[in-house]
Amino acid sequence: MKTINELESTIIEAFQGKLRGKIVMPEDANYKDTCKVYNGMINKHPGMFVMCVDVADVIAAVNFGRENELLVAVRGGGHNGGGLGLCDKGLVIDLSGIKFIRVDTSNNTVRVGGGNLWGEVDHATHPFGLAVPAGIISTTGVGGLTLGGGVGHLSRKYGLTIDNLLEADMVLADGSFVTVNANQHKDLFWAIRGGGGNFGIVTSFNFQAHPVSTVIGGPTLWPIEKTEEMMEWYHDFINNAPDDLNGFIATMIIPGAPFPEHLHNKQFCGIVWCYTGDSNDFDELFEPVRTKKPLFEHVGEMPYPAIQTLFDGLMPPGMQWYWRADFFNELGEEVRAQHLKFGSNIPTPLSQMHLYPISGEASSVGNEDTPWAYRDAKYAGVIVGVDPNPENATKITDWCKSYWEALHPYSSGGAYSNFMMDEGQDRVKASYKHNYNRLVDIKQKYDPNNLFKVNQNIKPVKELV
Ligand SMILES: Cc1cc2nc3c(=O)[nH]c(=O)nc-3n(C[C@H](O)[C@H](O)[C@H](O)COP(=O)(O)OP(=O)(O)OC[C@H]3O[C@@H](n4cnc5c(N)ncnc54)[C@H](O)[C@@H]3O)c2cc1C
């Protein structure tokens, strides 16, 4: 594997001549800023960025990376916890210039560029009363979130993001361009619905959108001491609730405004709700929640893009983030006790734990229908240590690891790949479980030399049994 430093300047000049987008090199004034990703804990220094503006740029960049034997990373929204949109010394193919959105109201589909962010999609679809299921923070990239799965407020009603992916345009490792869907390159279409960026660069996605305009949503909070009681109750309630109601449960601190002052810097067990059904039915459906007497309720009607941006202000880019995750089937007694223990010792105001329900429509898809191997798990859990101050990096990392280690024995074994950092091959295998070998076959066919390896990597090699 070569580094950019080893290339003749004439090779780099010839490459720039093939592009409409710019390249950014370490000596350029904007290099330092271009190296930044969402997670301030990531400190990688690529040899070159290619700021692609169209498919032709992506093809040229893939050919350049392959022909010059470079380490290649692909960056969509730059949100990945492990910084998998960057690499050291190699080539970063940046897609942030490939943005376009077209809503087709004849069939409620949305065509989206490979470098778009989810907030841009929500903004474009909302005037048409439509939404595509995605994550809960609007600055997340469409590319990485979709290729890994996509869990959010609409998962119970309309499934994961991948369940709403109809088609993708891709540049493959050999530089060829393909369109994949249920009829064309079926193997690839299966693989990219959860298998991440292993199989090529997606330059455009086509999604099924749904009639979601206004939702009823927001948080309810209970004192942290009630964590065990609330988790036991929540498990029964959410798994029997209609698909119209989503709610993820969390342990967290209320850091400050916009919440009332009496809540600030206290620890809570919270649930963030999102209801997409008939508003006339909401109060009756929500009555059992109110019977549990939340200390604080801020649940009301709002446009869908409002719930999608509810937490953006608390989570600006550039903070330290340490991630750990697992799937869970149950919230048994010992698990609930651990949540109380670690939820009572959250190290910094923005650190938190979330359990996202994988039920309703998200669980109606089979474990082998997409690479997402845990449709039968009840929750995708994630623990994040978060803080603006790099001096607290060790503190948030230690808490996160200890919380995860205490819970892992009760987990289903693997994690949602988009909630993982760079955690090694065993974790990748555990996350794809029985689907791993099928992914290896497809990787061998489309990327036999593992050009796309900066991701939750499916190596194109069969294990000896
Ligand atoms: C604050 C925050 C909130 C989040 N909330 C949620 C949530 O609610 N639900 C959820 O499911 N996830 C959530 N995530 C996780 C998120 O899905 C992952 O971080 C995801 O990897 C981000 O995608 P990205 O394009 O922004 O990242 P990047 O860092 O740009 O890329 C991540 C990976 O995807 C690959 N990739 C990106 N775009 C493409 C493309 N077009 N073609 C090929 N490969 C590509 C990259 O090579 C890399 O391996 C959240 C993350 C953060 C930081």
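Counting convention: from 1, in listed order, for ligands and their atoms alike. Predicted model, so just to flag it, every value in this text is computed and none were measured.
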Of the side chain and backbone of [X], name the one, both, or neither that has a heavy atom under 4.0 Å from an atom of ligand 1.
X    : answer
V37  : neither
M315 : neither
F452 : neither
W323 : side chain

Check: [X] side chain, [Y] main-chain N or O, donor-acceptor pair, under 3.5 Å:
X    : Y    : answer
R156 : L245 : yes
N367 : R375 : yes
Q425 : N457 : yes
D447 : F452 : yes
N164 : Y158 : yes
T309 : S138 : no
N68  : L70  : no
N435 : P371 : yes

Is there a polar contact between ligand 1 and [X], counting only N or O atoms under 3.5 Å apart?
X    : value
G152 : no
Y38  : no
V202 : yes
Y356 : no

Does at least one non-hydrogen atom of [X] fall below 4.0 angstrom from an atom of ligand 1?
X    : answer
G200 : yes
F311 : no
G149 : no
G196 : no
F248 : no

Can you report which non-hydrogen protein atom sits closest to [atom], along with the distance?
atom                    : result
atom 15 (C) of ligand 1 : N418 O, 3.5 Å
atom 11 (O) of ligand 1 : Y416 OH, 2.6 Å
atom 32 (C) of ligand 1 : N80 CB, 3.5 Å
atom 14 (N) of ligand 1 : F419 CE2, 4.1 Å
atom 49 (O) of ligand 1 : V454 O, 3.2 Å
atom 24 (P) of ligand 1 : G77 N, 3.5 Å
atom 45 (C) of ligand 1 : L147 CD1, 3.7 Å
atom 26 (O) of ligand 1 : G141 N, 2.9 Å

When the aromatic ring centroids of [X] and [Y] are compared, is their separation below 6.0 Å?
X    : Y    : answer
Y379 : F328 : no
W222 : F296 : no
H339 : Y403 : yes
Y322 : W399 : no

Check each atom of ligand 1 against the heavy atoms of [X] and keep those under 4.0 Å away; list them by number with element.
X    : value
I137 : 1 (C), 3 (C)
G85  : 29 (O)
L145 : 9 (N), 10 (C), 11 (O), 12 (N), 13 (C), 17 (O), 20 (C), 22 (C), 23 (O)
N455 : 49 (O)
I136 : 7 (C), 8 (O)
R75  : 30 (O)

side-chain contact (heavy atoms from CB on, under 4.5 Å) evaluation trace for E120 with I101: CA-CA 8 Å; E120 296 158 353; I101 301 172; 3.9 Å; yes
Can you find a heavy atom in the side chain of F15 that is under 4.5 Å from one in the side chain of M48?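 Sidechains of M48 and F15: in contact.
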Out of F419, W372, Y356, which one pairs with F327 under the ring pair (Phe, Tyr, Trp, His ring centres under 6.0 Å) rule? W372
